[in-house]
Student: 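Once you've had a glance at the structure underneath, I'll fire off some questions.
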Amino acid sequence: MLDSLYAEHLLVQRQRLDLALADCGYDSLAIYAGEPHVQFLDDQPYPFKPNPHFKLWVPTADVAGSWLLYRPSGKPQLLFLQPLDFWHKPPSTPREFWTRHFDITVLRAASDAEAHVRNLPRCAFIGEWNDRFETYDLADRNPANLLTQLHYWRAFKTKYEIECMRRACARAVKGHRAAEAAFRDGASEYQIHLAYLHACEHIDEELPYPSIVALNENAAILHYQHRERTSPRVRRSFLIDAGADFGGYGSDITRTYAHRNDDFAALIERMDELQQQLCQEVRSGTEYVDLHLNAHRLIADLLREAGIISLGAEEAVDSGISSVFFPHGIGHLLGLQVHDVGGFSIDTNGARRESPPAHPYLRLTRTLAPGFVVTIEPGIYFIESLLEKARSSNARKHINWNAVEHFKPYGGIRIEDDVVCTDGEPENLTRDAFART
Ligand code: GLY
Ligand code: MN
Ligand code: MN
């Protein structure tokens, strides 16, 4: 199945690239996969992550030092670096469903790329630059007009890309199930993290982003990065934001659990309903900014219903009180990068729509269209630094501080799904995966 979808995907990428190259005045393109970076005063590399432009075409990870050379006619050429190296195991020459679409040339040394790249007519370069390439006769490095066009089109996913994300969700959901079980068993953040990785069959560096595994008040830290090795004495809540990879595409999923059937559990349940209501708004023609603002109104309603604030929804949003509890965007584009590119591009010429000034962390301002894959991730958090600011402002009198103190030890709630915009009903990749797992 992936085979035929990939063939279609490649045709679409070729069409987009041919138009963009012609428009920008190039006859060919060289995409460099990148290479490992060595740590300061050391000989040890950081984990290698391929250039997303390279991943769009070549769905395999072991590609450090490889190149993709493209001309509008003929097969794209993959210069696959397989160094003669007795220290490491060189990557095996790929023989998979996608390889028949490429002319694959195995390079034994990185410098062997030069002869191939120099052959290309008026060639643009996309990738991390290295001064070694000075002699490669490349026309321009990462030209902005070319990147703008390609990034704009990246939002419209092919069926192949959506299938990859479907599988990335299925993989992550195995981890989420294992993580919840570990939480119920009394595991520490560290142990839950390992249970997640094991169930997904991932190692850390393969994840699309570092997992957020937070118990109790740590759930209030939006990108909480520690993994406490010991279990807390009292368990109240668990927030896990973790994805998985398939073919270079990521999933991005958050779930929050209560330890007991208490009022925090009720708040999670209400947030879950609200989140599914928002997922239903992922439809062709919807302004994502409107979806974000509607999320604020619904969250404000929920805060009032839970006795945390005393203002009506419109006032709570206009006065910024909803942002005290929900300070991030409702979501973002998802794909080869967890926060996928092109979120502000409204055309191929570089026009942008910025996020509203009161909502600076919103990463997507486009009108939704079929093929867009977005996350929907509303949340409520009890973040001391934001609460502290609210305490010394006019907002103070609209917030029930006893309720805030009551919920603070739980940290917060986020529920996040990956949703495909179609011609009709949205497809919720995450809920479908949970239903099957
Ligand atoms: N996991 C990062 C995010 O949800 O955007
Ligand atoms: Mn996200
Ligand atoms: Mn997330």
Side-chain angles (χ1 to χ4, degrees), residues 214 216-222 236-239 241 254-282 286-331 355-362 375-417 419:
N216 299 341
E217 42 279 276
N218 293 337
I221 302 166
L222 297 179
R236 290 178 288 269
S237 57
F238 169 45
L239 182 153
D241 182 343
T254 310
R255 289 294 182 266
T256 309
Y257 304 97
H259 184 58
R260 284 193 310 273
N261 197 9
D262 53 11
D263 49 2
F264 185 72
L267 204 54
I268 295 176
E269 205 168 300
R270 286 287 292 110
M271 177 62 86
D272 193 58
E273 288 164 16
L274 179 163
Q275 193 266 0
Q276 291 192 61
Q277 187 180 338
L278 290 168
C279 290
Q280 278 301 315
E281 292 183 26
V282 177
T286 297
E287 293 298 340
Y288 198 73
V289 172
D290 291 343
L291 205 160
H292 171 83
L293 294 175
N294 196 31
H296 268 270
R297 285 188 287 272
L298 293 175
I299 287 169
D301 278 339
L302 178 49
L303 288 166
R304 184 153 81 158
E305 182 191 306
I308 298 167
I309 64 172
S310 54
L311 279 179
E314 291 297 336
E315 285 169 294
V317 177
D318 292 346
S319 63
I321 289 182
S322 57
S323 299
V324 173
F325 299 93
F326 174 46
H328 60 75
I330 187 59
S355 44
H359 300 267
Y361 300 117
L362 183 60
T375 66
I376 296 294
E377 46 183 304
I380 289 179
Y381 313 88
F382 301 90
I383 302 171
E384 183 46 38
S385 58
L386 299 183
L387 292 166
E388 185 54 40
K389 239 166 121 187
R391 253 187 224 109
S392 53
S393 77
N394 281 341
R396 179 189 176 87
K397 56 181 180 293
H398 304 298
I399 294 174
N400 175 348
W401 295 98
N402 288 334
V404 166
E405 287 310 312
H406 170 73
F407 283 118
K408 241 170 127 183
Y410 295 88
I413 301 172
R414 176 164 65 258
I415 297 176
E416 176 177 27
D417 289 345
V419 184

Student: Would you confirm whether Thr286, through its side chain, and Glu281, through its main-chain N or O, come within 3.5 Å as a donor-acceptor pair?
Tutor: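 Such a contact is found between Thr286 side chain and Glu281 backbone.
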Student: Donor-acceptor pairs under 3.5 angstrom involving side-chain atoms of residues 298-310: please list them, not counting sequence neighbours.
Tutor:
residue : atom : partner : partner atom : Å
Glu305  : OE1  : Arg270  : NE           : 3.4
Glu305  : OE1  : Arg270  : NH2          : 2.9
Glu305  : OE2  : Arg270  : NE           : 2.7
Ser310  : OG   : His398  : O            : 3.3

Student: Within a strict 4.5 Å, meaning less than it, do heavy atoms of the Arg255 and Ile415 side chains meet?
Tutor: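 Yes, their side chains come closer than 4.5 Å.
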Student: Would a distance-only check, ignoring hydrogens and angles, find a side-chain to backbone donor-acceptor pair under 3.5 Å from Asp241 to Thr254?
Tutor: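 No: the side chain of Asp241 does not pair with the backbone of Thr254.
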Student: Could you tell me the separation between the CD atom of Glu287 and the CG atom of Asn294, rounded to the nearest 0.5 Å?
Tutor: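 The distance works out to 13.5 Å.
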Student: Over all heavy atoms of both residues, which pair between Ser323 and Leu386 is shortest? Give the atoms and the distance, please.
Tutor: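 That closest heavy-atom pairing would be O-CD1, 4.3 Å.
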Student: If you take all heavy atoms of His296 and Ser322, which pair is closest and at what distance?
Tutor: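 Closest pair (atom of His296, atom of Ser322, distance): ND1-OG, 2.7 Å.
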Student: Does the side chain of Pro378 reach to within under 4.5 Å of the side chain of Leu274, using non-hydrogen atoms?
Tutor: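 SC-SC contact between Pro378 and Leu274 confirmed.
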Student: In terms of the angle between their ring planes, are Phe326 and His328 parallel, tilted or perpendicular, with boundaries placed at 30° and 60°?
Tutor: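 Correct class here is perpendicular.
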Student: If you take all heavy atoms of Ser355 and Pro360, which pair is closest and at what distance?
Tutor: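 What the structure gives for the nearest pair is OG-O, 3.8 Å.
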Student: Under the side chain to side chain contact (heavy atoms under 4.5 Å, CB included) criterion, do Gln276 and Asp272 qualify, and how do the steps go?
Tutor: CA-CA 6 Å; Gln276 291 192 61; Asp272 193 58; 3.2 Å; yes
Student: What are the two closest heavy atoms between Leu362 and Gly331, and how far apart are they?
Tutor: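 It is CD1-O, 4.2 Å.
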Student: Does the ring centre of His359 sit less than 6.0 Å away from the ring centre of Tyr361?
Tutor: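 For Tyr361 and His359, the ring centres are not under 6.0 Å apart.
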Student: Give, for atom CG of Asp263 and atom CZ of Phe407, the distance between the pair rounded to the nearest 0.5 Å.
Tutor: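 The distance works out to 4.0 Å.
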Student: Kindly compute the distance separating CG (Asp417) from CD1 (Ile376), expressed to the nearest 0.5 Å.
Tutor: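 Interatomic distance, Asp417 CG to Ile376 CD1, rounded to 0.5 Å: 8.5 Å.
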Student: Taking the six-membered ring for Trp, are Phe325 and Phe382 parallel (under 30°), tilted (30 to 60°) or perpendicular (over 60°)?
Tutor: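 Perpendicular.
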Student: Suppose the criterion is salt bridge (charged side-chain N to carboxylate O under 4.0 Å, His left out): which pairs have a residue in residues 391-400, not counting sequence neighbours?
Tutor: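 Matches after skipping sequence neighbours: Glu384-Arg391, Glu388-Arg391, Arg391-Glu405.
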Student: Do the side chains of Asp262 and Tyr410 get nearer than 4.5 Å, heavy atoms only?
Tutor: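 Yes, their side chains come closer than 4.5 Å.
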Student: One pair to check against side chain to side chain contact (heavy atoms under 4.5 Å, CB included): Asn394 and Ser319. What are the steps and the verdict?
Tutor: CA-CA 9 Å; Asn394 281 341; Ser319 63; over 6 Å; no
Student: To the nearest 0.5 Å, what is the distance between OG1 (Thr256) and CD (Glu416)?
Tutor: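 Going from the OG1 atom of Thr256 to the CD atom of Glu416 covers 10.0 Å.
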Student: What is the minimum heavy-atom distance between Pro327 and Tyr381, and which atoms define it?
Tutor: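 For Pro327 and Tyr381, the tightest heavy-atom pair comes out as CD-CD1, 3.8 Å.
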Student: First locate atom CZ of Phe264, then atom CD1 of Ile380, and finally report the distance between them rounded to the nearest 0.5 Å.
Tutor: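 Spacing of CZ (Phe264) from CD1 (Ile380) equals 9.0 Å.
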Student: I want to check something: taking the side chain as every heavy atom from C-beta on, are Met271 and Leu267 in contact at a cut-off of under 4.5 Å?
Tutor: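 Not in contact.
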Student: Using 0.5 Å steps for rounding, measure from the CD1 atom of Ile330 to the CG atom of Asp290.
Tutor: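 The distance works out to 13.0 Å.
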